[in-house]
2 protein chains.
Amino acid sequence: MRENSTSCLRVRTRRAVKEALADTALELFEASGFEQVTVADIAKAAGISQRSFFRYFGSKEDVVLGDRIPTAEEVLAVLTPHLAAHPAWEALRLTVRSMTQLMEVEAEAERWKQAVRLICRTPGLRARYLERHLAWVDALVPELTSRTGPGGARAELKAQTMVNTALSCFDVALTRWSDEEGEQRTLAALVEEVFGFVRIPSEEAGV
Amino acid sequence: MRENSTSCLRVRTRRAVKEALADTALELFEASGFEQVTVADIAKAAGISQRSFFRYFGSKEDVVLGDRIPTAEEVLAVLTPHLAAHPAWEALRLTVRSMTQLMEVEAEAERWKQAVRLICRTPGLRARYLERHLAWVDALVPELTSRTGPGGARAELKAQTMVNTALSCFDVALTRWSDEEGEQRTLAALVEEVFGFVRIPSEEAGV
DNA sequence: GTCATTTCTGGCAGTGACTGCCATCCTTGG
DNA sequence: CCAAGGATGGCAGTCACTGCCAGAAATGAC
C-alpha cells in the first residue's frame, strides 16, 4: 500500500516537528508567561512561519493542553468496564485512578506536570481545561444515568452530580500534585486521598 | 459635595444604557447564537459605536456573565456567618442556598435563566463562567481550611475538595433549573436535592 | 449667563489570534 | 524523470480588544 509507507514516514516527521514545536513553546511560556508570548514569537523561535504553526496546533492553547488530555471517548472506554463490575461511584473512582496512571507512566510526567502548573497559573488556560472536562461530563452522564437508580429525571440529576464531583476531585488532586515539588507523592495516591473525603450513598440496593 | 451629585445622575444614566445594551445583545444572542453575533452587530443594533460598547462591557462575554455573578467577596461574606454556627459542609450548603435565593428574588429571574441557558449552550461562555467559580474557590478555601480538621496540608486538601464539590452541586442545580421550562421547581429546591446526593464526613469531632 | 472642568463619545490605527486562498516547493511512487 | 499530493510561506481578511485623540455634552463655580 502506498499510503501506508507514505504516512508512516510523513507522520513520524510531522510528530517530531510537533514535539519540537511544543518544547520550544513551553520553554517560552515558562520563561515569560503564556499570554506574554505571541504565536509569532513561537514561530520565529522554532524557525517556521506563523501560518505553519496553526497547521500543527489548532490554537495557541492547544500547545499546552494538546493531546495530553484524554478525549471523552477514551474516558468513556475506561469507565464502561468498571461500571459493569462496580457500583457507580466506585466505578468513577477507578476510572479517575486509571487516568492518573496513564498520565504518570508515560515518561512525560515532568512535562505534564509543567503544563499543569502553567494551566493553574493562567486563567484563560484553566478555563479551556475545564471546558474539556465538560465534554467528559456530557459523555459519561448518559452511561451512568441508568445505573444510579430508577427515577428518570432524578437519576440523571444524580449522575450529573456524581460525574461533576468526581472530576472536581480529580482536579483538586491534579492541582495539588503539580504544586508539590519536593514531595514524591503519587498522583494516584492523591486521588485516593481526595476521594476519601467524599461519600456518595448508593441507591441501587433499594431505597 | 460635587462628586456625589454628579455621579448620582451620571451613574443612573450609565446603568440604564448598560441595561438596554445588555437587552439588545441578549436578544441577538438568543436569535443567532453567541458566536455568530459580532460586537459590531450589537453596537449597530444599540445605536452606539463599537468603541463605546467596550466602555460599558469589558468583553463580549461580560454582557452575558456581567454583574449577575456574585463576586468572591460577596460569597465569602455569606459563608463566614454560616461557618460560625455550623460544620463546614453544612455551612457550604447554606451558603449556596442563600445565593440561589438572591438570584431568584431579584425579579431578574427570567433574564438570568435565559443567560444561564445561553452559557450552557456556548462552550466558551461556559468556560468563562467556570473561571469565575475558580475565584470563589480561592476565596473560600482559606476560610475553610482551619475548620476542616487539624492536619495542615490535609486540611487544605479537604477544604479544596469541599468547595469544589459544593460548587459542582450548585452548577448541576443551576443547569437543570435553566433547562426546566414547564416545571416550576425552585432553584433552592433543586440545590437541596443535589446536595442530598453527597455526604462529606466531618472530622471535627475527633478522628 | 459664562467659563473651566469633567465626562462621554466616535473614529482611527494598531495588536494578536486565527482562517482561507494561492503559489511554490519537495517528497514519493511509478 | 514525471505526475500527484502533502507541506510550506505569504498575504489578505475577520474579529475581539486597546490606546489615543479630538469634539460634543453635561456639570459645577462664579
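Convention: sequence-line order gives letters A, B, ...; per-chain numbering from 1. Here the structure is a predicted model, which means the values were calculated and not measured.
When rounded to the nearest whole Å, the span between CD of B/Gln50 and P of D/dC17 equals 10 Å. Separating the CZ atom of A/Arg51 from the C1' atom of C/dC21 is a distance of 9 Å, rounded to the nearest angstrom. Here the C1' atom of nucleotide D/dA16 and the CD atom of B/Glu35 are 13 Å apart, to the nearest Å. Across the protein-nucleic acid pair, B/Lys60 atom NZ and D/dT18 atom P stand 14 Å apart, rounded to whole Å. For the pair A/Phe57 CZ and C/dT19 P, the computed distance is 14 Å after rounding to whole Å. The CZ atom of B/Arg12 sits 15 Å away from the P atom of C/dC8 (whole-angstrom rounding). Counting to the nearest Å, the P atom of C/dG16 and the CZ atom of A/Phe53 are 14 Å from each other. We find that CZ of B/Phe54 is positioned 14 Å from P of C/dG10, with the value rounded to whole Å.
Remark on DNA chain D: of its neighbouring residues B/Arg55 and B/Ser59, the 5'-side contact belongs to B/Ser59, judged by nearest-heavy-atom nucleotide.
No engagement by B/Val17 is indicated, since no non-hydrogen atom pair under 4.0 Å with the nucleic acid exists.
Not one side-chain nitrogen or oxygen of B/Thr38 sits closer than 4.0 Å to the OP1 or OP2 atom of D/dC15. Remark: A/Tyr56 is in phosphate contact with D/dT8, judged by side-chain N or O atoms under 4.0 Å from OP1 or OP2.
A/Thr38 and A/Asp41 form a side-chain donor-acceptor contact under 3.5 Å, judged by distance and modelled atom types alone.
Classification of A/Asp62 and A/Arg132 as a salt-bridged pair holds, one side-chain N sitting under 4.0 Å from a carboxylate O.
For the pair A/Glu74/A/Met99, no side-chain contact is recorded, criterion being any heavy-atom separation below 4.5 Å from C-beta on.
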Problem - Test side-chain contact (heavy atoms from CB on, under 4.5 Å) applied to B/Lys18 and B/Arg14, step by step - result: CA-CA 6 Å; B/Lys18 194 169 180 176; B/Arg14 196 176 163 75; 5.8 Å; no
